[in-house]
K.L.:
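Dropping the structure in here first, questions after.
For clarity, every value in this text was computed on a predicted model and none was experimentally measured. The figures here come from the full heavy-atom set of this structure, side chains too, leaving out hydrogens, waters and symmetry mates. Residue numbering restarts at 1 for every chain, and letters A, B, ... go by the order of the sequence lines.
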Protein chains: 2
Amino acid sequence: MEPGVDCTPDCPVRLSADILSGKWTTLIIRELLAGTRRYSQLQYALLGVSPKILAARLRMLQSEGLVTRKVYPTVPPKTEYTLTDLGREAEQVIRAMADFGDLLAARADIAS
Amino acid sequence: MEPGVDCTPDCPVRLSADILSGKWTTLIIRELLAGTRRYSQLQYALLGVSPKILAARLRMLQSEGLVTRKVYPTVPPKTEYTLTDLGREAEQVIRAMADFGDLLAARADIAS
DNA sequence: CCGAATCCAATAAGATACTG
DNA sequence: CAGTATCTTATTGGATTCGG
């Protein structure tokens, strides 16, 4: 891990952070790592997310090439979201975050 | 990786995201992974960060137990920031983000 | 069912000036 | 040097309503 001299202007960590930061982004990816999901399934899984935010994050992830969106013009309509190959590469990040989160939780337990 | 039913309310990914998200946070950690740094060194390395933001993020990281702050009451004053053991555990996340960022950069190259 | 539209609150970030 | 104070802007998130 090298000093920040190569961290400007477009260090990989920053590129990654620009996409993955945001309250719900990593949680959406986490959910999609388990498999293709419909809009309503995501909304249910991510308890508390508003439709606006969910749609916005999904659109962003799609435009960044991490997610594909498939619409079935049935009645009622159905939309499926699936990770692309690139999106699945984010699994390593999610995993590392989960591991780190476990440490944070352990620390919180001690504090109580 | 399991479905989101266990992603509420305090899944590890969320705990992790709550701390690491933010435009500069991971970059600060990235810099500190290279070793202890002074305030001015961080400000220089993170080109474009304002003193207010840098101080705020450092205080947050300190309160979360990822960073220690050591003040030398010399003239001129000197302050050193160092990762704690917990803070160093974030290296896996930063590494994964760096790897993923490389993929993003490669994709961007193709697009051009 | 899948969102888009609207409106509003909260927060993060940035620029600048200044102090112990 | 290492920040704080102040002000302003930009971004994000949230609640609700409504339409295809």
K.L.:
Using only side-chain N and O atoms of A/S50, determine if any of them is under 4.0 Å from OP1 or OP2 of D/dG13.
P.N.:
no
K.L.:
Within the structure, does a side-chain N or O atom of A/S40 lie under 4.0 Å from either OP1 or OP2 of C/dC1?
P.N.:
no
K.L.:
What nucleotide, of C/dG14, C/dC1, D/dT16, holds the atom closest to the side chain of B/I53?
P.N.:
C/dG14
K.L.:
Could you check which of C/dG20, C/dT16, C/dG3 has an atom nearest any side-chain atom of A/R69?
P.N.:
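Among C/dG20, C/dT16, C/dG3, the one nearest the side chain of A/R69 is C/dG3.
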K.L.:
If you compare all heavy atoms of B/D102 against all heavy atoms of A/P12, which two are closest, and at what distance to 0.1 Å?
P.N.:
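Result for this residue pair: OD1-CG, 3.1 Å.
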K.L.:
Taking atom P of D/dG13 as reference, at what distance in whole Å does atom CZ of B/R14 sit?
P.N.:
12 Å
K.L.:
Taking it one step at a time, do A/E80 and A/K70 satisfy salt bridge (charged side-chain N to carboxylate O under 4.0 Å, His left out)?
P.N.:
CA-CA 5 Å; A/E80 287 183 345; A/K70 181 162 189 182; over 6 Å; no
K.L.:
Check the pair B/T82, B/T36 against side chain to side chain donor-acceptor pair (under 3.5 Å), reporting the backbone distance first and the verdict last.
P.N.:
CA-CA 5 Å; B/T82 307; B/T36 294; 2.8 Å; yes
K.L.:
May I have the distance from B/K52 (atom NZ) to D/dT8 (atom C1'), rounded to whole angstrom?
P.N.:
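That distance rounds to 9 Å.
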K.L.:
Has A/T79 got a side-chain N or O lying under 4.0 Å from the OP1 or OP2 atom of C/dC1?
P.N.:
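No, no such contact exists.
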K.L.:
Round to a whole Å and report the spacing from CZ of A/R59 to P of D/dT11.
P.N.:
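Result: 16 Å.
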K.L.:
Please report, rounded to the nearest Å, how far the C1' atom of C/dG3 is from the CD atom of A/Q62.
P.N.:
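Distance check: A/Q62 CD to C/dG3 C1' gives 13 Å.
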K.L.:
What is the distance, to the nearest angstrom, from the CD1 atom on A/I19 to the P atom on D/dT12?
P.N.:
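Between P of D/dT12 and CD1 of A/I19: 13 Å.
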K.L.:
Could you note down all residue pairs passing side chain to side chain donor-acceptor pair (under 3.5 Å) where residues 56-69 of chain A supplies at least one of them, sequence neighbours left out?
P.N.:
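Side chain to side chain donor-acceptor pair (under 3.5 Å) check on residues 56-69 of chain A returns A/E64-B/R107, A/R69-A/Y81.
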K.L.:
Rounded to the nearest Å, what distance is computed from the CD atom of residue B/Q43 to the P atom of nucleotide C/dG14?
P.N.:
13 Å
K.L.:
Any idea which of C/dC1, D/dA2, C/dG3 is nearest the A/P77 side chain?
P.N.:
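Closest nucleotide to the A/P77 side chain: C/dC1.
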K.L.:
Counting side-chain heavy atoms from CB outward, which of C/dA4, D/dA2, C/dC2 is closest to A/A55?
P.N.:
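Among C/dA4, D/dA2, C/dC2, the one nearest the side chain of A/A55 is C/dA4.
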K.L.:
By nearest atom, which of the nucleotides C/dC2, C/dG3, D/dT4 is closest to the A/R38 side chain?
P.N.:
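Nucleotide nearest to A/R38's side chain: C/dC2.
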K.L.:
Can you tell me the distance, in whole Å, between the CH2 atom of B/W24 and the C1' atom of C/dA12?
P.N.:
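Between C1' of C/dA12 and CH2 of B/W24: 13 Å.
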K.L.:
Reckon A/Y81 touches a base, only the sugar-phosphate, or nothing at all at heavy-atom distances under 4.0 Å?
P.N.:
sugar-phosphate
K.L.:
Determine whether B/F100 and A/L15 make a side-chain contact, defined as any pair of heavy atoms from C-beta on separated by less than 4.5 Å.
P.N.:
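Heavy-atom side-chain distance check fails, nothing below 4.5 Å.
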K.L.:
Kindly point out which of D/dC1, C/dC2, D/dG3 is positioned nearest to the side chain of B/P51?
P.N.:
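Out of D/dC1, C/dC2, D/dG3, the nucleotide with an atom closest to B/P51's side chain is D/dG3.
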K.L.:
Can you tell me which nucleotide in C/dC2, D/dG13, D/dT4 comes closest to the side chain of A/R57?
P.N.:
D/dG13
K.L.:
Using atom CG of B/L46 as one end and atom C1' of C/dA12 as the other, report the distance to the nearest whole Å.
P.N.:
16 Å
